[in-house]
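Only heavy atoms go into these numbers, but all of them, side chains included; no hydrogens, no water, no symmetry mates. Residue numbering restarts at 1 for every chain, and letters A, B, ... go by the order of the sequence lines.
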Amino acid sequence: MSGDPERRAPFYIGYLPMPPALRAFALWIAAGAMLLGGVVAFLFAVAQRDPGTGVWEAGVPTELIGWFVLAPYPAIEVVEGPEALVGRTVVIVSQGKMGAQDRIAPLAGQLGRARGALIARGGIALLELEGGLGAAEEVAWTAVPMYAVRGTAAPPNPPDAFAEELGPRTLQGEIIDSKCALGVMKPGTGKAHKDCAALCLFGGVPPMFLVRDGKGHFDAYVIAGADGGPVDRAAILPYAADPVEVAGTLARAHGLVVFRIDPAAIRRL
Amino acid sequence: MGHVYRAVQWNANKVAYDLALAVGAGSYIAIFLAASLLLVDPAHRVSPAILLIRALGTCAFLMLTVILAIGPLARLDARFLPLLYNRRHFGVMTFCIVALHFLVVLAWYHGSGALNPFVSLFVSNPRYDSFVGFPFEILGLAAFVVLLLMAATSHDFWLATLSPAVWKSLHMLVYPAYGLICLHVALGFLQDEVEPIYVGATIASFAIVGGLHVLAGRKAAALDRSVAPEDGPPARSPSSASAEAGWLAVGPAADIPEGCAKVVTPPQGEAIAVFRYDGKVSAVSNLCAHQMGPLGEGRIVDGCITCPWHGYQYLPETGASPPPFTERIATYRVRVVDGDVYVDPAPLAPGTRVEPALIGEKA
C-alpha cells in the first residue's frame with residue numbers, strides 16, 4: 001500500500017493554494033476539456049440537417065389587394081401586390097400560433113386589403129396578418145387601380161372557386177401547420193416540433209400535408225375535410241408531425257392544391 | 001467548514017474553477033451559434049431560437065456528462081480531486097443552462113398560442129402510450145425538476161438542515177435525471193437529426209459515465225476485499241478481555257502509510273478509516289460529516305484528518321472538528337498487537353475521545 005502512487009501524489013485541499021504539480025494537471029485538464037468542447041460544438045453545429053429555404057419576412061410588411069376567400073381556410077386571391085404574387089392565392093394566418101378565420105370570414109367574397117409578413121416556401125405563400133383592425137379590410141373596387149383604369153361603371157365579379165378534380169391519392173407524409181413548416185420555424189417539422197404543430201393547428205393555422213420526395217423537394221397540400229370544407233381539427237391533432245399515410249382526393253381550388261381526407265383514414269407509419 | 005453560512009465561501013481555487021466553467025460553457029455556446037450562423041447559406045439557416053435551444057441543450061448534456069464523470073475519475077486517480085472540490089458550482093451552472101433551455105423551449109414552441117404554455121407542454125403531444133412517439137418534453141421536464149431541487153438545496157445550509165444522509169440521497173437523484181435526459185435526447189432531437197455524430201455522442205456519454213462508474217466500483221470492491229473481517233485481537237492482548245469478539249483485523253500498522261489511512265468495512269455498519277500518524281493509530285468513520293466524502297482517502301494535515309473532497313478536518317482522537325467548527329464523526333476503539341492493528345467495529349458516539357493505540361506498544 002505504501003507503494004500506491006496515489007499516496008505519494010500531492011494532496012489537494014480546496015481552500016489552500018493548489019500544489020504546483022496538481023495545478024499543472026488541472027490546467028491541462030481544463031484546457032483539454034475546453035478544446036474538446038469547442039471541437040464538439042463545431043461538429044454538432046455543422047452536422048445539423050438543412051431545414052430548407054422557407055422565408056419569413058418578419059418586420060417587413062407586405063400589402064396585398066385582392067379577393068378574400070375561404071379555400072377552405074382564409075386566403076386572398078391577389079390582384080395587386082408584389083409581382084410574383086399577383087394572380088396567386090395567398091393563405092392568411094394571424095400572428096402567434098393562431099389562424100385568421102375570425103378576421104377573414106366576415107370579409108369572404110369581398111375585395112380587400114391585407115397587410116403583414118410574407119411566409120413562403122416551395123411556391124406556396126402565406127401572409128401573417130399584422131395585429132389591429134386595419135390589417136385586413138374591405139376596399140372599394142374603384143380604389144383598386146387595376147379595376148379603376150378600366151373605366152367601367154360596374155364592379156368586377158368575385159373570382160370563381162374553380163375546382164379541378166385531380167383524383168384519388170394515397171399519400172405518405174406529415175401533417176404540418178403551414179405557418180411554421182413553410183418558414184416561420186426552421187425546421188418547423190418533425191418530432192421536436194410536434195407540440196408546436198399541434199398548438200398551431202389547435203389555434204386555427206391551416207393544416208397542410210407535406211410530401212417529401214427524398215431529394216430535398218417537397219409539396220404541401222392544404223388539408224380539407226372530405227366535403228371540401230375545413231377538416232375536423234380535433235381529429236387530426238394527435239397525428240400532427242408524425243409520419244402518416246392517408247387516402248384522399250386531390251383537387252385544385254382557388255389556385256391551391258387541396259387534399260380532401262377523412263381523418264378516420266389516417267394511419268401512422 | 002460549517003462555522004458560519006455564507007452564500008459562497010469564495011477562495012482562489014473556487015474563483016478559478018468558476019471562471020473556467022463560465023469560459024468553457026460560454027465558448028461552447030458561442031462556437032455552436034457562430035458555426036451555425038456563419039458557415040451556412042443564410043437561406044438555409046436554422047431559426048436562431050432553435051439554434052439557441054440546441055446550443056444550450058447540448059452544452060448542458062455535455063456538462064452533466066462531465067459532472068458525472070468527475071466522481072469516479074477522482075476515485076480512480078486522486079489528481080482529479082480538484083475537479084470534485086467545487087462540483088456543486090458545476091452543477092448549479094449546468095442547471096442554469098438547463099433552465100435557459102427550458103425557458104426558450106417554453107416560449108418558442110409553447111408560447112403565443114391558444115393554450116397556456118404549461119398546459120400545452122402536457123397536452124400538445126398526447127402519445128403517452130407510445131415509446132417512440134412519447135412526449136419527450138415531459139422527460140426533460142422531469143429531469144429539470146430534479147435538477148431544480150438539487151440546485152436549490154446545493155448550499156451547505158440545506159446539507160445541514162436535511163442531514164447529510166437525506167441530502168446525499170436527494171442528490172443521488174442526479175442519476176435518474178441523467179437517464180431521463182438521455183431518453184429526452186433519444187426520443188426528441190435524435191428522432192429528427194440523424195447524423196451519426198449525435199447518436200455517437202449520446203452513446204459515448206452513456207458509455208463514459210457508465211464505464212467510469214464500473215471501474216471505480218471495481219476498485220472500491222477490490223479494496224474492500226483486501227480486508228476480511230477476522231476474529232478479534234489475540235487473547236494475550238492485555239486490554240481486550242472485554243472486547244475481543246468481533247474485532248476486525250486491519251493488518252500490519254507498517255502497511256498504513258504515515259499520515260494516511262486504511263479502510264475496513266465491517267460485516268455490518270459503515271466503513272472505518274484507520275489512520276496512522278506520529279507513531280499512533282486512530283480509527284474514525286470513513287464518512288465525512290459534510291457530504292459523506294471518503295475520509296479514508298484523505299490525509300493527516302496539521303494533525304487533523306482532512307477530507308479529500310472539501311478539506312473538512314477532524315481530530316483523530318475525538319472525531320471532532322477543531323474549534324470553532326462543530327462537525328463530529330464516530331470514533332472506534334483500536335488496538336495494536338505485535339504490530340498488527342485491530343479495530344472494534346462498534347461505533348462510538350460522534351466526537352467520543354478514544355486514546356490512540358501506540359504502534360510501538362507491546363502486547
* To do: Name the region of A:Leu201, side chain, backbone, both or neither, that has any atom closer than 4.5 Å to a heavy atom of chain B.
  => neither

* Let me know if A:Arg23 has heavy atoms under 4.5 Å from chain B in its side chain, its backbone, both or neither. => neither

* Side chain from CB out, backbone as N, CA, C, O: work out which of these in A:Asp195 comes under 4.5 Å of a heavy atom of chain B, or both, or neither. => both

* Between atom OG1 of B:Thr306 and atom CD1 of A:Ile13, what is the distance when rounded to the nearest 0.5 Å? -> 5.0 Å

* Do side-chain atoms of A:Tyr12 reach the backbone of B:His310 as a donor and acceptor pair under 3.5 angstrom? -> no

* To do: Look only at the side chain of B:Tyr198 and the backbone of A:Phe44, and say whether a donor-acceptor pair between them is shorter than 3.5 Å.
  => yes

* **A:Leu22 versus chain B, the contacting section by heavy-atom distance below 4.5 Å** => side chain

* **Approximate separation, where rounding is to 0.5 Å, of A:Lys97 NZ and B:Ser120 OG** => 8.0 Å

* Side chain B:Asn13, main chain A:Tyr15, donor-acceptor under 3.5 Å -> no

* Asked: Is there a donor-acceptor contact under 3.5 Å from the side chain of B:Ser47 to the main chain of A:Lys186?
  -> yes

* Asked: What part of A:Val184 is in contact with chain B, defined as an atom under 4.5 angstrom from a non-hydrogen atom: side chain, backbone, both or neither?
  -> backbone

* Taking atom CG of B:Asp41 and atom OG1 of A:Thr53, what is their separation to the nearest 0.5 Å? -> 9.5 Å

* Centroid-centroid under 6.0 Å between A:Phe25 and B:Phe80 rings -> yes

* With no hydrogens and no angle check, is any side-chain donor or acceptor of A:Lys191 less than 3.5 Å from a backbone partner on B:Leu187? -> yes

* In Å and rounded to the nearest 0.5 Å, what is the CZ to CD distance from B:Arg45 to A:Gln48? -> 12.5 Å

